[in-house]
**Student:** 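Take this structure, written in structure tokens, and hold onto it; I'll ask about it next.
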There are 2 protein chains.
Amino acid sequence: MTAGNSDRKHRRTSRATGRVTLDQVARHAGVSPITASRALRGLASVAPDLVDRVRQAADALGYVANPAARALASQQSQNVVVLVPSLGNQLFIDMLEAIHAVMQPHGLEVLIGNHHYDRDEEEKLLRNYLSYQPRGLLLTGFDRTESTRRLVEASGVPCVYMMDLDPGAGLHCVGFSQVRAGETAARHLLQRGRKRLAYVGAQLDQRTLLRGEGYRRALQQAGCYDPSLEVLTARASSVGLGGELFGQLLANHPDVDAIFFGNDDLAQGALLEALRNGIRVPEQVAVLGFNDLPSSQFMVPRLSSIRTPRKAIGMQAAERLLDLIHGRMVDAPMLDLGFELMVRESS
Amino acid sequence: MTAGNSDRKHRRTSRATGRVTLDQVARHAGVSPITASRALRGLASVAPDLVDRVRQAADALGYVANPAARALASQQSQNVVVLVPSLGNQLFIDMLEAIHAVMQPHGLEVLIGNHHYDRDEEEKLLRNYLSYQPRGLLLTGFDRTESTRRLVEASGVPCVYMMDLDPGAGLHCVGFSQVRAGETAARHLLQRGRKRLAYVGAQLDQRTLLRGEGYRRALQQAGCYDPSLEVLTARASSVGLGGELFGQLLANHPDVDAIFFGNDDLAQGALLEALRNGIRVPEQVAVLGFNDLPSSQFMVPRLSSIRTPRKAIGMQAAERLLDLIHGRMVDAPMLDLGFELMVRESS
DNA sequence: CTGAAAGCGCTTACAG
DNA sequence: CTGAAAGCGCTTACAG
């Protein structure tokens, strides 16, 4: 009786949400649902005029596809999962933003997981996210549990690793050599004529360790390596911690004349602590940071640091993942984006 | 013929993924799929021994529910959408972490959207996320387009607003009064005997503006308001910008004796710039920040600031949203978590 | 407390 | 180039 309601078909038990469906768009355009589906997805093999009609119908009705239905039917989601060890480090925020910028135009939703530098948490996160049948995976570094590795492998989901370069050189990765960055840092300080060099790292994540390894290697080569000048702590990296460790180091080893910090926040804390205690940088002790955070160049004195291409890493890793998802050929699995030594006032 | 494969039913065209389904769990446990579903979801009305059998079957087979199928059948996802204006500000990272910590144990997936302080981008994000049929919405502040507002309203999805308090007092919100925080800042500086007070804010987001309003109000009341001492810029807040604006302000108004910054990064930049130019803080000019970022207490001199409860805001907003989702009564729509003036060396 | 049937809104696989 | 049928893997609504 009620006009306008008569075209409702198979809606017996009425579990419908009221939102516009593909069926309604198809009816509005006068085509079958499957044609509407193909037209909206931009599949070839649909007559151009039909595509137009369907598009207009969709616009007119304000149709937005139901991602759950799409995922269920096609057995694949529009999700891409990114796992990072921390959100407190600007480094990873920059990477995430870049990834987002690349994925968004492709209609891919970025699911962000933060595992807080915890291998078990990473495994749990991955297990959960895999149930979403993601199109791709973006993981940070290579330090993870064996079963996480198997999980990734068994899933068959394309995966790109960020930040580090795969020592085995078999996995798709975009980053730079952490070891060489550490070496470069040490060499720079040695060239400045420093003899008593220290390395201070927090978090004890693999990249911090690798940087330390490069650093050690360079010092051993120069014949001035002293293991007691390596200060590593599992505590989280922060400005406060940097100041604290700086104070302790100088108290225990007054002859230290250069310090390389595993992250800029630590180095910034050291600079502030030096300022507070009248320790002259770089005259008495040179300070070198890592990552070159935006604020580092404004420190007093301006912090020397190693600039890492985290934005480029996020972008390129995302592009690379897109290639893998779409089955495009990738020439080499490894993409080394390098790093840049920024010499300013503190070293 | 092949044993073990004979129980495959209605798998004619074989679109199955190979992953373990509810059907298999049910068969393994010797119950119907629907009973298995109910058992796994912890619905009452299932015999305890059946629940056990189903749970064991699920464990044995490594069953993980397909979120897409669940969402499609139940017409609701396990997603909660959070929209923040920025990820560059530690403030929002802390909020997000807290939200995550609350939602995770409830099996709710947090989808994060960053609208970069752009109202149109927020609207676009929301429109997209709404297609996911989220269980709840967590939005930042009250400054948005009219159609975004209508979108939220029309969706019927429970929503809690963070950071600000609703001027209309009708919406669910968890935060503190930005205006009162600005007033508190100004009063503190006035009590210190300062007369020529400036306000420096970046980003021009509503909260920065509201803080400025409170500040202005207090100054007018004290009879020392000077509009030329209000420096507002749409540029993004950063340490570098803080130093720059500090320098300009003192060049144009050498008699300024106190500055309130809309965010700590600006204030930190000012402190560093002062240090570099031999301007004594707080003797010549007092500096007060906002948010009390972790590094602020280590600045030289230690930065006074207004500590904002962003972790608590995230937590309480998430809890509140959980209440709304589960239809629990909420006593008052507004939750004022306040703020705390941290007086250190710079003021 | 348990289950057979139907349906959620899409896409795949098969025909024409 | 287009479509009717079936199915993705769950849950709702209805019976018993």
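In what follows, chains are A, B, ... by sequence order, proteins preceding strands, each numbered from 1. This one's a predicted model, so the numbers in the text were calculated from it and none came from an experiment.
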**Student:** By salt bridge (charged side-chain N to carboxylate O under 4.0 Å, His left out), which residues pair with B/D164, not counting sequence neighbours?
**Tutor:**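 Expected list: none.
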**Student:** Between B/A69 and B/D49, name the one whose nearest nucleotide on DNA chain C is closer to the 5' end.
**Tutor:**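 It is B/D49 whose nearest nucleotide is closer to the 5' end.
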**Student:** Extract the stems that DNA chain D is part of, considering only consecutive pairing runs of at least three Watson-Crick or G-U wobble pairs, both distances under 3.5 Å.
**Tutor:**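 Consecutive-pair runs (3 or more) involving DNA chain D: C:1-3 with D:14-16, C:5-12 with D:5-12, C:14-16 with D:1-3.
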**Student:** Considering all heavy atoms of both residues, which atom of A/T35 and which atom of A/V46 are nearest to each other, and what is their separation?
**Tutor:**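 That would be CG2-CG1, 4.2 Å.
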**Student:** Does a side-chain N or O from A/Q75 land closer than 4.0 Å to OP1 or OP2 of C/dC10, or not?
**Tutor:**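 Looking at the OP1 and OP2 atoms of C/dC10, neither is under 4.0 Å from any side-chain N or O of A/Q75.
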**Student:** Could you work out which one of D/dT11, C/dG3, C/dG9 sits closest to the side chain of A/N66?
**Tutor:**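 Looking only at side-chain atoms, A/N66 lies closest to C/dG9.
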**Student:** Can you measure A/R27 atom CZ to D/dA4 atom P for me and round it to whole angstrom units?
**Tutor:**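 To the nearest whole Å, that distance equals 13 Å.
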**Student:** In whole Å, what is the span from the CD atom of B/Q76 to the P atom of D/dT11?
**Tutor:**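 Rounded to whole Å, this separation is 11 Å.
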**Student:** Give the rounded distance in Å between these two atoms: CG of B/L43 and P of C/dG3.
**Tutor:**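 Computing the B/L43:CG to C/dG3:P distance gives 15 Å.
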**Student:** Can you find a side chain N or O atom of B/S32 that sits less than 4.0 Å from OP1 or OP2 on C/dT2?
**Tutor:**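 Checking C/dT2 against B/S32, no side-chain N or O comes under 4.0 Å of OP1 or OP2.
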**Student:** So which nucleotide from D/dG9, D/dT2, D/dC10 ends up closest to the side chain of A/R38?
**Tutor:**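 Shortest atom-to-atom distance from the side chain points to D/dT2.
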**Student:** Nearest 0.5 Å, please: how far is CD in B/Q316 from CG in B/L321?
**Tutor:**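 It is 13.0 Å, given to the nearest 0.5 Å.
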**Student:** Is any side-chain heavy atom of B/S147 closer than 4.5 Å to a side-chain heavy atom of B/E123?
**Tutor:**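 Yes, their side chains come closer than 4.5 Å.
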**Student:** A/R19 and B/Q133: side-chain donor and acceptor closer than 3.5 Å?
**Tutor:**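 Side-chain D/A pair, A/R19 to B/Q133: present.
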**Student:** According to a strict under-4.0 Å criterion, is A/T21 in side-chain N/O contact with OP1 or OP2 of C/dG9?
**Tutor:**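 Checking A/T21 against C/dG9: no side-chain N or O falls below 4.0 Å of OP1 or OP2.
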**Student:** Strictly below 4.0 Å, N to O, side chains only: are A/R150 and A/E153 in salt-bridge contact?
**Tutor:**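 Judged by the 4.0 Å cut-off on N to carboxylate O distance, A/R150 and A/E153 do not form a salt bridge.
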**Student:** A/I34 has an atom CD1; how far is it from atom C1' of C/dG16, in whole Å?
**Tutor:**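 After rounding, the reported distance stands at 15 Å.
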**Student:** To the nearest Å, how far apart are B/L50 CG and C/dG3 C1'?
**Tutor:**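 Nearest whole value for this atom pair: 12 Å.
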**Student:** By nearest nucleotide on DNA chain D, pick out whichever of B/A65 and A/T35 is the more 5' one.
**Tutor:**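 Result of the comparison: A/T35.
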**Student:** Separation of B/L22 atom CG from D/dG9 atom C1', in whole Å?
**Tutor:**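 It works out to 8 Å between those atoms.
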**Student:** Is any side-chain nitrogen or oxygen of B/Q24 closer than 4.0 Å to OP1 or OP2 of D/dG9?
**Tutor:**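 No, no such contact exists.
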**Student:** What is the distance, to the nearest angstrom, from the CG atom on B/D23 to the C1' atom on C/dA4?
**Tutor:**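 Between C1' of C/dA4 and CG of B/D23: 13 Å.
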**Student:** Go through the structure and list residues passing salt bridge (charged side-chain N to carboxylate O under 4.0 Å, His left out) with A/D143, not counting sequence neighbours.
**Tutor:**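 Listed in chain order: A/R119.
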**Student:** Starting from C1' on D/dC8, measure out to CG on B/L72 and report it in whole angstrom.
**Tutor:**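 One finds 9 Å between C1' of D/dC8 and CG of B/L72, rounded.
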**Student:** Where each residue is assigned the nucleotide of DNA chain D containing its nearest heavy atom, which of B/A68 and B/R41 is assigned the position nearer the 5′ end?
**Tutor:**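 Nearest-nucleotide comparison on DNA chain D picks B/A68.
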